[in-house]
Amino acid sequence: MSSFDNVARTWDENPIHMDRSLAIASKIEENLPLNTSMKALEYGAGTGILSFLLSAKLGHITMMDSSAEMVKVMEEKISARSASNLVSVHFDLECEKTEEKFDFIFNQMVLHHISSIESIFEQFYQMLLPGGWLAIADLYLEDGSFHGDGFNGHKGFNPEQLKLLLIQSGFEKVSFEECYVVRRVSGENETKSYPVFLLIATK
């Protein structure tokens, strides 16, 4: 069982998760030409908060996650809300490939958990239809305190470096901007800030 399986049932209880998703959804709507003919994929969707926020703007959304428990929570939320244009899928793009194509691929706070950034960018490119859009929200470089000791992922990113990797993978019109700041009170009663960027590219 993964660490995300363990927190799936309580994930939506953290107000930061909703606040962050609201800010990211707003920036996506502001910067992308979303419409109800678009077929979208949220990779690493968690409990699907961001997908539910964008669901009225898109035709169909596949919510994909490698955590079986997160997928169960998504399925329950789809049923409870009769969200007919949302579907959940238990799938890990780091280990598996799909031939399905999308107009729009998006994720939030997922990239820093991915081992090979170059590989996932190449997969996203192959999965997008011509003229499709990619939106990635993640942490700027931080000191490692966001996750703490024992975390083996990336300590945030320099979005300029990600921009170069995306261009090398074939993407165009790559841009980014700050979209949210996570604030936490440390053990010393000091507030630490972790800014989040939204990076957008097109195929």
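Values below: all heavy atoms of this structure, side chains included; hydrogens, waters and symmetry mates excluded.
- A heavy-atom distance below 4.5 Å is found between the side chains of R184 and F146.
- When all heavy atoms of A135 and L198 are compared, the closest pair comes out as CB-CD1, 4.2 Å.
- A donor-acceptor pair under 3.5 Å is formed between the side chain of N85 and the backbone N or O of S55.
- No donor-acceptor pair closer than 3.5 Å links the side chain of H60 to the backbone N or O of A40.
- Donor-acceptor pairing under 3.5 Å is lacking for the side chains of K57 and T36.
- In the hydrophobic cluster analysis, where Ile, Leu, Val, Met, Phe, Trp and Tyr join through side-chain heavy atoms closer than 4.5 angstrom, L54 is grouped apart from L22.
- The closest donor-acceptor contact from the side chain of K203 to the backbone of L134 lies at 3.5 Å or more, if one exists at all.
- Counting heavy atoms from C-beta outward, F176 and E160 have side chains that approach closer than 4.5 Å.
- Residues I24 and F197 do not share a hydrophobic cluster, clusters being chains of Ile/Leu/Val/Met/Phe/Trp/Tyr side chains in contact below 4.5 Å.
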Which pairs of donor and acceptor atoms, one on a side chain in residues 90-99, lie under 3.5 Å apart (sequence neighbours left out)?
{"from": "H90", "atom 1": "NE2", "to": "S66", "atom 2": "O", "distance (Å)": "3.1"}
{"from": "D92", "atom 1": "OD1", "to": "Y43", "atom 2": "OH", "distance (Å)": "3.3"}
{"from": "D92", "atom 1": "OD1", "to": "E94", "atom 2": "N", "distance (Å)": "3.0"}
{"from": "E94", "atom 1": "OE2", "to": "S115", "atom 2": "N", "distance (Å)": "2.9"}
{"from": "E96", "atom 1": "OE2", "to": "D92", "atom 2": "N", "distance (Å)": "3.2"}
{"from": "T98", "atom 1": "OG1", "to": "E100", "atom 2": "N", "distance (Å)": "3.1"}

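- With rounding to the nearest 0.5 angstrom, the CZ atom of F52 is 9.0 Å from the CE atom of M74.
- Side-chain heavy atoms closer than 4.5 Å link hydrophobic residues (I, L, V, M, F, W, Y) into clusters, and following such links, possibly through other members, connects L199 to F121.
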How far apart are the C-alpha atoms of I200 and V174, what are their side-chain angles, what is the distance that settles it, and do they pass the side-chain contact (heavy atoms from CB on, under 4.5 Å) test? CA-CA 6 Å; I200 294 173; V174 185; over 6 Å; no
Take E122 and S169, measure what side chain to side chain donor-acceptor pair (under 3.5 Å) needs, and give me the verdict at the end. CA-CA 6 Å; E122 289 172 4; S169 297; 5.1 Å; no
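- Between N31 and E177, the side chains place a donor N or O and an acceptor N or O closer than 3.5 Å (distance only, hydrogens not considered).
- Using a 4.5 Å heavy-atom cutoff, the side chains of D12 and H17 are not in contact.
- Minimum interatomic distance between D143 and S145 (heavy atoms only, all atoms of both residues): OD1-OG, 2.5 Å.
- Ring pair F157/Y140: centre-to-centre distance not below 6.0 Å.
- Across all their heavy atoms, A23 and C179 have their closest contact at CB-O, 3.5 Å.
- The 12-atom threshold is not exceeded at NZ of K173, counting heavy atoms of other residues, nucleotides or ligands nearer than 6.0 Å.
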When you look at L164 and Q161, which way does the side-chain contact (heavy atoms from CB on, under 4.5 Å) test go after all the steps? CA-CA 5 Å; L164 291 176; Q161 294 179 349; 5.5 Å; no
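- With Y194 as the aromatic partner, R183 does not meet the cation-pi criteria of under 6.0 angstrom to the ring centre and within 45 degrees of the ring axis.
- Inter-residue side-chain proximity for V87 and I61 is flagged as unmet; no heavy-atom pair is nearer than 4.5 Å.
- Y180 places none of its side-chain heavy atoms less than 4.5 Å from the side chain of L139.
- Between the side chain of T10 and the main chain of E13, no donor-acceptor pair closer than 3.5 Å is present.
- Tracing side-chain contacts under 4.5 Å through hydrophobic residues (I, L, V, M, F, W, Y), one reaches I167 starting from I136; they form part of the same cluster.
- Residue A68 comes nearest to D5 through the heavy atom pair N-OD1, 3.2 Å, listed as atom of the first residue, atom of the second, then distance.
- Residues E75 and K72 are not paired through a salt bridge, judged by the lack of any N-O separation under 4.0 Å between the basic side chain and the carboxylate.
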Checking D149 against F151 for the side-chain contact (heavy atoms from CB on, under 4.5 Å) test, could you report, in this order, the C-alpha distance in whole Å, the side-chain angles of both residues, the deciding distance, and whether it holds? CA-CA 6 Å; D149 296 337; F151 179 65; over 6 Å; no
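- Using a 4.5 Å heavy-atom threshold, the side chains of L41 and M127 count as touching.
- A donor atom on one side chain and an acceptor atom on the other are found under 3.5 Å apart for S51 and E42.
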Return a table of donor-acceptor pairs under 3.5 angstrom between the side chains of residues 102-112 and protein atoms on other chains or two or more places apart.
{"from": "D103", "atom 1": "OD2", "to": "K39", "atom 2": "N", "distance (Å)": "2.8"}
{"from": "Q108", "atom 1": "NE2", "to": "S21", "atom 2": "OG", "distance (Å)": "2.7"}
{"from": "H112", "atom 1": "ND1", "to": "D138", "atom 2": "OD1", "distance (Å)": "2.6"}
{"from": "H112", "atom 1": "ND1", "to": "D138", "atom 2": "OD2", "distance (Å)": "3.3"}
{"from": "H112", "atom 1": "NE2", "to": "H147", "atom 2": "NE2", "distance (Å)": "3.3"}

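- In this structure, the side chain of K77 engages the main chain of T47 through a donor-acceptor pair within 3.5 Å.
- Taking the side chain as every heavy atom from C-beta outward, F124 and L166 never approach each other to under 4.5 Å.
- In this structure, S67 contributes its side chain and M70 its backbone to a donor-acceptor pair below 3.5 Å.
- Contact detail for A45 and M63: the closest heavy-atom pair is CB-CB, 3.8 Å.
- Between V181 and V196, every side-chain heavy-atom pair lies at or beyond the 4.5 Å cut-off.
- Cluster annotation: I120 and L128 are assigned to the same hydrophobic cluster (Ile/Leu/Val/Met/Phe/Trp/Tyr, side-chain heavy-atom contacts under 4.5 Å, transitive).
- Here the shortest heavy-atom pairing between K155 and G144 reads CD-CA, 3.8 Å.
- Not a single donor-acceptor pair under 3.5 Å links the side chain of D65 to the backbone N or O of V71.
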As a quick check of understanding, evaluate side-chain contact (heavy atoms from CB on, under 4.5 Å) for L34 and E29, giving each step before the final call. CA-CA 7 Å; L34 304 184; E29 291 180 32; 4.1 Å; yes
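- Using modelled atom types, one side-chain atom of T202 and one backbone atom of G132 make a donor-acceptor pair closer than 3.5 Å.
- Contact check on E178 versus K27 returns no salt bridge, with no Lys/Arg side-chain nitrogen under 4.0 Å from an Asp/Glu carboxylate oxygen.
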